[in-house]
Amino acid sequence: MEKRLFGSTGQQFPILSFGAQRIVDEHNCTEEEAIHIVNRAIDEGITYFDTAPSYSDGQSEERLGKALALRSRRDEVWIATKTHDRTRDGSLKLLEASLKRLQTDHVDEWRLHNIMTMEELDKCFAKGGALEALLEAKEQGLIKHISISGHTNPLVQLEAIERYAFDSALVALSAADHLVYSFAHEFLPKAIEKGVAIIGMKVMALGKLAPWYEKALQYTFSLPISTAIVGMESMAQLEQNLAIAKSFTPMTELEQLAFLKEIMHLATPDVLRWKSTDWVSGEWYVR
């Protein structure tokens, strides 16, 4: 697989990375299957794994930790996890629990999870806010790099990287996302200028791009990003994604335009739900 630099960190990752949200009972993936999938991914060269404490009430982190511990593979991978709490104290409690579930003494990357609005960003940057937790954790060696994520409004993440030199940003970069509040148009140029590593997510638009599976992956891989995380709940999905990543050739501008025209009808609130201000319900962070 093609490898790319991860912003200004000096690290490199394959274009395909592992979204661990789906290796859980909620997505009909057993613990045994999860362990096999994770280890197969590492065997095939995938080294970047993204998870969060809010994914199935910690089960995603727990299974990733077990998969890595089984064959002592922690040193072979980069783990990114998140805090959905907007306060210092709440975030540090989340990190403590994440480290236990992941069976590690540090994570490589810790990010502010899904910052949707300027008000949320202000809370994180305020006195006693979550950013204080990230800075303290880095000073203590509990985390190595500081990150932010966002699905909804690229202007929020643009403001974030003006306020602080984040090492990376995880943002929605499916082909469908190109059509509404485009991170590709509005966020990527400034992030690249600042040396921020960019991780693409929502590649399949919550399954809505499944009929164009290979094109969807090819589109996101063709963007000037460091890597893209794809959720995988079965070995078949992993193998399919690996095959596409290994044979990847960038889309031309004309091919991208033709693809965007083909899927333009998907630019609706029912499809691009994460672009809506009510995307995060009160239940999101306890699932």
Side chain to side chain contact (heavy atoms under 4.5 Å, CB included) filter on Thr268, not counting sequence neighbours, yields Asp270, Val271
Across all chains, not counting sequence neighbours, the side chain to side chain contact (heavy atoms under 4.5 Å, CB included) partners of Thr87 are Asp85
Exercise for review: Verify, without hydrogens or angle tests, whether Lys275 (side chain) and Val180 (backbone) share a donor-acceptor contact under 3.5 angstrom.
Suggested key: yes
Contacts under 3.5 angstrom, residues 203-214 side chains, donor-acceptor by atom type, not counting sequence neighbours:
unit_1: Trp212; atom_1: NE1; unit_2: Glu262; atom_2: OE2; d: 2.9
unit_1: Tyr213; atom_1: OH; unit_2: Asn241; atom_2: OD1; d: 2.6

*Quick one: does Gln218's side chain have a donor or acceptor within less than 3.5 Å of a partner on Thr249's backbone?*
yes
Does Lys194, at its NZ atom, have more than 12 non-hydrogen atoms belonging to other residues, nucleotides or ligands within less than 6.0 Å? yes
The remaining residues in the hydrophobic cluster of Leu70, counting side-chain heavy-atom contacts under 4.5 Å among Ile, Leu, Val, Met, Phe, Trp and Tyr, are Ile35
Carboxylate-amine/guanidinium proximity below 4.0 Å for Glu120 and Lys123 = no
Residues pairing under salt bridge (charged side-chain N to carboxylate O under 4.0 Å, His left out) where one sits in residues 243-255, two or more places apart or in two chains, turn out to be Glu44-Lys246
Taking every heavy atom of Ala126 against every heavy atom of Glu132, the minimum-distance pair comes out as O-OE2, 4.0 Å
Original post:
Can Asn114 and His84 be counted as having a side-chain donor-acceptor contact under 3.5 angstrom?
Top reply: no
Connected to Met201, directly or through other members, by ILVMFWY side-chain contacts below 4.5 Å are Phe6, Phe13, Tyr48, Trp78, Leu170, Ile199, Ile229
Any non-hydrogen side-chain atom of Ser54 less than 4.5 Å from a side-chain atom of Lys82? no
* Tyr55 side chain reached by Asp50 side chain, heavy atoms, under 4.5 Å -> yes
In short, Ser60 meets Ala20 closest at the heavy-atom pair OG-O, 2.7 Å
Should the pair Arg74-Asp105 be classified as a salt bridge under the 4.0 Å nitrogen-to-oxygen rule?
no
> Where the side chain of Gln157 meets the backbone of Ile115, is there a donor-acceptor pair that is under 3.5 Å apart?
Replying inline: yes
Going through the distances and angles, do Thr47 and Gln11 end up as a side-chain contact (heavy atoms from CB on, under 4.5 Å)? CA-CA 11 Å; Thr47 52; Gln11 187 73 28; 5.7 Å; no
On a heavy-atom basis, the closest approach of Gly45 and Met1 is C-CE, 4.4 Å
Closest heavy-atom pair, Ile263 versus Ala176, reported as atoms and distance to 0.1 Å, is CD1-N, 3.7 Å
*Can you check whether Trp110's main-chain N or O pairs, donor with acceptor, with Thr81's side chain at less than 3.5 Å?*
no
* Asked: Are a donor atom and an acceptor atom from the side chains of Glu61 and Ser98 found within less than 3.5 Å of each other?
  -> yes
(Q) Phe18 vs Ile42, test: side-chain contact (heavy atoms from CB on, under 4.5 Å). Steps then yes/no. (A) CA-CA 10 Å; Phe18 197 103; Ile42 299 170; over 6 Å; no
What one should report as the nearest heavy-atom pair of Trp274 and His151 is CD1-O, 3.3 Å
